[in-house]
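Structure first, then comments.
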Amino acid sequence: MTLSPAAAHARFLEEQEVRYANLKHQLRQAFDPWGLCAIHTKAAASWLSNPVELAAAMTRYSHDLFTLQTQAASRFMGAPDTDIFPPNPEDQRFADPVWRDEPAWDYLKEAYLMQTRWIQDMLYQSPGLSDAERRKSAFWLRQSLNAFAPTNFLATNPVAQRRALETRGESLVKGLQNLACDLAGGDISMTDRSPFKVGENLALTPGVVVYRGRLLEVIHYAATTETVHAVPLVLMTPWINKYYILDLAPGKSLVEYLVGQGFNVFITSWKNPDESMADITFDDYIVEGAAKIIEVAQSVGKSEKVHALGYCIGGTLLALYMAWANRKDPANVPVAHWTLLTTLTDFSAPGDIEVFIDEDGLDVIDGIMDKQGFLDGKEMSSSFRMLRPNSLIWNYVVSNYLLGETPRAMDVLYWNTDMTRMPAAMHRFYLREFYLHNRVIEPDSLCMAGQPIDLGQIQQPLFMVAAEEDHIAPWKTTFTLLKRLPAKSRFTLSTSGHIIGIVNPPVASSKRSYWQGEVSRGTKPEDWLAEQAKQPGSWWPSWVDWLRPQCGAQIKPPPLSNREYKKLGEAPGSYVFE
């Protein structure tokens with residue numbers, strides 16, 4: 001149908017408007033993907049439109065600057081050190097006594113701290129910003145301010161200068177060598193990787209691969225006791241790193257500990273996706289991942305029921321599987337009881353990572369994945385390190401390059417650098433539907449693998465573990481799942497963070513502790529914690545005490561494989577090396 005001149009003109013204008021909007025979006029993604037220019041322009045405009053508040057802020061700045069200069073003059077005249085702007089007690093950048101004892105360096109330290117705190121305060125106090133805008137802009141501002149700390153530069157780091165003099169320049173030569181190695185590797189070294197090798201001093205618990213599919217290998221571990229509990233344990237590891245975080249060096253391995261306690265253990269070893277797996281979905285992880293390893297454990301373990309454990313995103317997968325299985329066939333759910341470790345199902349308060357989770361940030365990630373078919377582990381690692389830049393970035397810049405130190409050899413940090421990729425379709429869905437829209441907690445809002453998802457339908461008893469200092473899965477946010485479950489639950493809060501709170505073997509020298517107790521539906525996390533007594537040591541033994549009556553009688557260990565699921569190779573398998 002031929003359009004009238006007026007309709008054709010209107011359509012032309014609409015098309016131009018769409019093209020203009022697309023061009024603006026492309027330019028913004030290229031030059032300001034996080035929308036910071038708009039936020040900071042808005043902040044500046046809000047201060048200019050509130051001259052009284054601006055004048056008060058400038059008066060405070062002038063007062064602080066005068067106080068700093070007066071104190072500096074007193075120090076140069078021999079007065080004792082009195083920090084007007086003391087570092088945070090957890091800030092180790094200025095821990096060396098030279099930052100207090102030498103007036104010049106003390107002045108540089110306090111001037112930096114005064115300026116950075118004033119800038120951040122001005123941003124937070126900007127009257128025209130929303131809370132979300134404050135958090136986002138403060139995060140990126142903090143990255144810049146931390147980057148310009150005097151400790152990060154040889155000319156303004158007295159400790160590095162002293163080390164260079166003491167070593168006659170050798171520390172600088174070694175630092176340049178470290179820098180060259182890191183530039184070649186494309187990342188800042190956090191640990192000395194040379195002492196570690198998977199299969200030689202990591203992931204050593206004996207076992208065999210009994211299944212290999214496009215998403216995972218299933219490893220079945222050999223029994224070390226004369227009998228094992230009848231109900232097998234199925235461990236669903238996160239695929240954001242390799243599985244052996246649960247099978248580290250002997251003495252630190254949860255798998256080794258469980259096998260030694262008389263459990264029949266299976267674990268997921270996920271395939272590291274490449275561009276050919278760009279279309280893999282979260283539904284595939286449910287059907288070909290969670291459901292498959294449970295099926296393998298039932299068959300090889302000769303048991304109708306299993307106990308399932310999920311860690312981090314592996315726990316989110318397990319929670320979705322449990323809701324999926326309870327909706328699909330509630331009378332025949334193969335998981336009798338389950339455990340979650342540092343797992344989010346409510347993403348309303350996911351911690352500091354939320355600064356990356358908005359439409360602008362996700363568009364940036366989508367653009368990367370559209371080109372590659374996956375999100376590379378180094379890109380994810382950079383994001384996580386930015387959540388704690390001083391301890392996870394600049395600390396290593398100073399020690400590696402300015403002081404010429406070789407990073408300590410640590411198995412946990414080695415594992416952390418053994419990164420994996422995320423399939424584009426799965427990760428896009430995960431970030432948008434879970435983090436951005438928080439649909440997991442909305443009954444029947446998501447339909448996964450053909451079933452509406454409702455966490456409230458899960459009937460099986462749960463043992464949940466969270467970590468007190470976890471900035472990836474904040475413990476109070478993980479706790480919210482318990483108010484949705486009709487079944488009896490036990491909650492454990494471990495000291496330390498996302499990894500060390502879980503890799504927590506029971507050793508006599510352990511300085512860690514935990515809180516543990518039953519949770520009534522509707523209990524608030526603060527109220528639960530107030531009722532618990534802090535217990536010393538590892539939470540592993542108390543979990544095993546909970547597992548034993550759940551996992552049935554002791555039986556003779558079944559064979560490692562059977563006709564349906566034959567032995568395909570020795571642990572740790574092949575996928576862990578990809």
Side-chain angles (χ1 to χ4, degrees), residues 43 47 53-126 134-135 137-166 171 175 188 352 385-405 468-469 471 495-497 511:
W47 279 112
E53 289 85 351
L54 178 60
M58 296 307 298
T59 300
R60 290 193 299 272
Y61 178 78
S62 299
H63 175 268
D64 288 346
L65 184 60
F66 178 77
T67 304
L68 175 65
Q69 301 294 352
T70 302
Q71 169 67 9
S74 299
R75 287 297 317 278
F76 281 107
M77 296 298 291
D81 174 49
T82 304
D83 277 345
I84 304 172
F85 304 98
N88 188 299
E90 297 180 359
D91 188 350
Q92 296 300 307
R93 293 176 296 175
F94 304 103
D96 193 280
V98 71
W99 292 106
R100 300 185 302 273
D101 298 342
E102 295 292 335
W105 296 117
D106 180 54
Y107 173 75
L108 178 62
K109 173 196 70 177
E110 297 218 30
Y112 168 76
L113 292 174
M114 187 207 79
Q115 294 284 356
T116 55
R117 290 174 187 176
W118 186 82
I119 292 171
Q120 291 180 88
D121 288 346
M122 285 291 288
L123 182 62
Y124 267 106
Q125 294 165 10
S126 297
R134 290 180 210 279
R135 289 193 297 272
S137 56
F139 173 83
W140 291 106
L141 177 63
R142 192 161 59 248
Q143 305 303 315
S144 300
L145 295 177
N146 288 332
F148 285 105
T151 48
N152 296 338
F153 305 94
L154 179 62
T156 52
N157 187 324
V159 180
Q161 293 175 17
R162 184 177 66 212
R163 177 69 61 84
L165 289 173
E166 291 172 348
S171 62
I188 301 171
D352 295 340
R385 291 175 76 164
M386 289 171 70
L387 301 180
R388 296 291 184 272
N390 284 333
S391 59
L392 298 180
I393 299 176
W394 300 113
N395 170 57
Y396 293 99
V397 168
V398 172
S399 62
N400 293 2
Y401 312 147
L402 299 188
L403 301 180
E405 297 175 345
E468 183 184 21
E469 301 170 16
H471 62 277
T495 54
S496 198
K511 297 180 180 179

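If you read the sequence from its start, that first residue is 1, and numbering goes on from there.
- Contact of the Arg93 side chain with the Trp394 side chain is not registered, since no non-hydrogen atoms from C-beta on lie closer than 4.5 Å.
- Checked by atom type and distance alone, the side chain of Glu110 never pairs as donor or acceptor with a backbone atom of Pro86 at under 3.5 Å.
- Of all heavy-atom pairs spanning Glu468 and Thr495, the tightest one is OE1-CG2, 3.6 Å.
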Going through the distances and angles, do Ser126 and Trp47 end up as a side chain to side chain donor-acceptor pair (under 3.5 Å)? CA-CA 6 Å; Ser126 297; Trp47 279 112; 3.0 Å; yes
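- Using a 4.0 Å cut-off between charged side-chain N and carboxylate O, Asp83 and Arg100 make no salt bridge.
- Atom-to-atom distance recorded for Gln161:CD and Leu402:CG is 10.0 Å, nearest 0.5 angstrom.
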How far apart are the C-alpha atoms of His63 and Thr59, what are their side-chain angles, what is the distance that settles it, and do they pass the side chain to side chain contact (heavy atoms under 4.5 Å, CB included) test? CA-CA 6 Å; His63 175 268; Thr59 300; 5.7 Å; no
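- In this structure, Tyr61 and Trp118 have tilted ring planes: the angle between them lies in the 30° to 60° band.
- Residues satisfying the salt bridge (Lys or Arg N to Asp or Glu O under 4.0 Å) criterion with Asp106, sequence neighbours excluded, are Arg75, Lys109.
- Of all the heavy atoms in Pro150 and Leu108, the pair that sits closest is CB-CD2, 3.7 Å.
- Using a distance-only test at 3.5 Å, with no hydrogens or angles considered, no donor-acceptor pair links the side chain of Arg385 to the main chain of Ile393.
- The line from CD of Gln120 to OG of Ser137 is 10.5 Å long, rounded to the nearest 0.5 Å.
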Do Asp121 and Arg60 pass the salt bridge (Lys or Arg N to Asp or Glu O under 4.0 Å) test, and can you show the C-alpha distance, the side-chain angles, and the key distance before you say yes or no? CA-CA 11 Å; Asp121 288 346; Arg60 290 193 299 272; over 6 Å; no
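- Between Gln92 and Asn395 there is no side-chain heavy-atom pair separated by less than 4.5 Å.
- No more than 12 heavy atoms of other residues, nucleotides or ligands sit less than 6.0 Å from atom CZ of Phe148.
- Checking side-chain atoms of Gln71 against main-chain N and O of Ile84 turns up no donor-acceptor pair under 3.5 Å.
- Glu102 contributes no side-chain N or O that, together with a main-chain N or O of Val98, makes up a donor-acceptor pair within less than 3.5 Å.
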In sequence, state the C-alpha distance, the side-chain angles, and the governing distance for Met386 and Trp140, and then conclude on side chain to side chain contact (heavy atoms under 4.5 Å, CB included). CA-CA 9 Å; Met386 289 171 70; Trp140 291 106; 3.1 Å; yes
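- In this structure, the separation between CD on Glu53 and CE on Met122 is 10.5 Å, given to the nearest 0.5 Å.
- The distance from atom CD of Gln115 to atom CG of Asp64, rounded to the nearest 0.5 Å, is 9.5 Å.
- A distance-only check finds a donor-acceptor pair linking the side chain of Asn146 to the backbone of Arg142 [under 3.5 Å].
- Side-chain contact between Arg117 and Leu145 is absent, with no heavy-atom pair separated by less than 4.5 Å.
- Within 6.0 Å of CD in Glu90 there are 12 or fewer heavy atoms belonging to other residues, nucleotides or ligands.
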Begin with the C-alpha distance, continue with both residues' side-chain angles, and end with the deciding distance and a verdict on side chain to side chain contact (heavy atoms under 4.5 Å, CB included) for Leu403 and Val159. CA-CA 8 Å; Leu403 301 180; Val159 180; 4.2 Å; yes
Pair Asn157, Asn152 - check side chain to side chain contact (heavy atoms under 4.5 Å, CB included), show working. CA-CA 7 Å; Asn157 187 324; Asn152 296 338; over 6 Å; no
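- When side chains are defined from C-beta on, Trp99 counts as touching Thr151, because their heavy atoms get closer than 4.5 Å.
- Between Phe94 and Tyr112, the ring planes lie tilted relative to each other; the angle falls in the 30° to 60° range.
- Residue Gln125 comes nearest to Arg134 through the heavy atom pair C-NH1, 3.9 Å, listed as atom of the first residue, atom of the second, then distance.
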